[in-house]
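Pasting a structure here, questions to come.
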Amino acid sequence: MTLEESREIIPLMESMIGQIEEQQTLMAEMILEMQNRDTQLSLMQEQNQKLQKLNSELSERTENEDRTFGKRKSAMAEIGTEAEQRKQFITETEHRIAELEQQIEKGRDIDERIQRIKERRTVGRMEQKDQLIVELKTQLNESLILNEKLNKENRAGNIQALKNDLKLADRALR
């Protein structure tokens with residue numbers, strides 16, 4: 001190779017070296033960018049794993065909540081059925097209470113009627129008893145008067161008998 005050829009080749013080689021250096025710089029930048037992207041990818045994979053774990057936990061919770069909701073829904077249905085039965089029972093009880101209140105009111109009416117009848121009978125009996133008492137008092141007074149007359153007559157008869165006995169005793173003594 002001649003000097004002149006060398007001189008021509010040197011700038012070309014320098015240019016090539018410059019290009020190689022630029023390519024090395026670009027490659028270094030690319031490597032840095034690839035490392036950054038690898039780091040980002042690793043972070044994204046970690047986040048993806050965390051998200052999958054969270055998604056799994058959420059699915060479990062959702063299933064548990066769905067089961068719980070199903071149980072609650074079933075319990076609510078049972079409560080609704082029981083509430084409906086209780087409403088019917090309450091309605092029947094209220095109806096029975098109303099019937100009993102009517103019977104009680106009828107019983108009270110009957111009691112009042114019986115009381116009025118008893119009062120009338122009592123008043124009637126009292127009047128009858130009062131009248132009987134008046135009659136008995138009258139009879140008693142008549143009996144007392146007759147008794148007094150009889151007592152007077154007996155006394156008079158006794159006195160007469162005593163007089164007669166005295167006369168007989170007097171005659172017997174004489």
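Not measured: the values here are computed from a predicted model.
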Check: Side chains of Leu54 and Glu57: closer than 4.5 Å at any heavy-atom pair?
Finding: yes
Check: Does the pair Arg67 and Asn64 meet the rule for a side chain to side chain donor-acceptor pair (under 3.5 Å), with working shown?
Finding: CA-CA 5 Å; Arg67 273 188 243 120; Asn64 287 339; 2.7 Å; yes
Notebook entry, point to check: Do Arg86 and Glu82 meet the salt-bridge criterion of a basic N to acidic O distance under 4.0 Å?
Noted result: yes
Checklist line | Asp130 and Val134, any side-chain heavy atoms less than 4.5 Å apart | finding: no
Next item on the list: Evaluate the criterion side-chain contact (heavy atoms from CB on, under 4.5 Å) for residue pair Met76 and Lys73; output intermediate values, then yes/no.
Entry: CA-CA 5 Å; Met76 290 300 288; Lys73 189 175 180 181; 5.6 Å; no
Next item on the list: Answer yes or no: does atom CD of Glu135 have more than 12 heavy-atom neighbours from other residues, nucleotides or ligands under 6.0 Å?
Entry: yes
Checklist line | Validation row: Lys53, Lys50 side chains within 4.5 angstrom (heavy atoms) | finding: no
Note to self: Using only atom types and a distance under 3.5 Å, with no angle test, would you say the side chain of Ser15 pairs donor to acceptor with the backbone of Pro11?
What the structure shows: no
Margin query: Tell me if a side-chain donor or acceptor on Ser56 pairs with a main-chain N or O of Gln52 at a distance below 3.5 Å.
Written below: no
Notebook entry, point to check: Can you find a pair of side-chain heavy atoms, one from Gln128 and one from Leu132, that are under 4.5 Å apart?
Noted result: no
Note to self: I'd like to check the salt bridge (Lys or Arg N to Asp or Glu O under 4.0 Å) partners of Glu22; sequence neighbours left out, ordered by chain and number.
What the structure shows: none
Next item on the list: Would you please name every residue forming a side chain to side chain contact (heavy atoms under 4.5 Å, CB included) with Gln88, sequence neighbours left out?
Entry: Glu84
Checklist line | Basic-acidic side-chain contact under 4.0 Å: Glu99, Arg96 | finding: yes
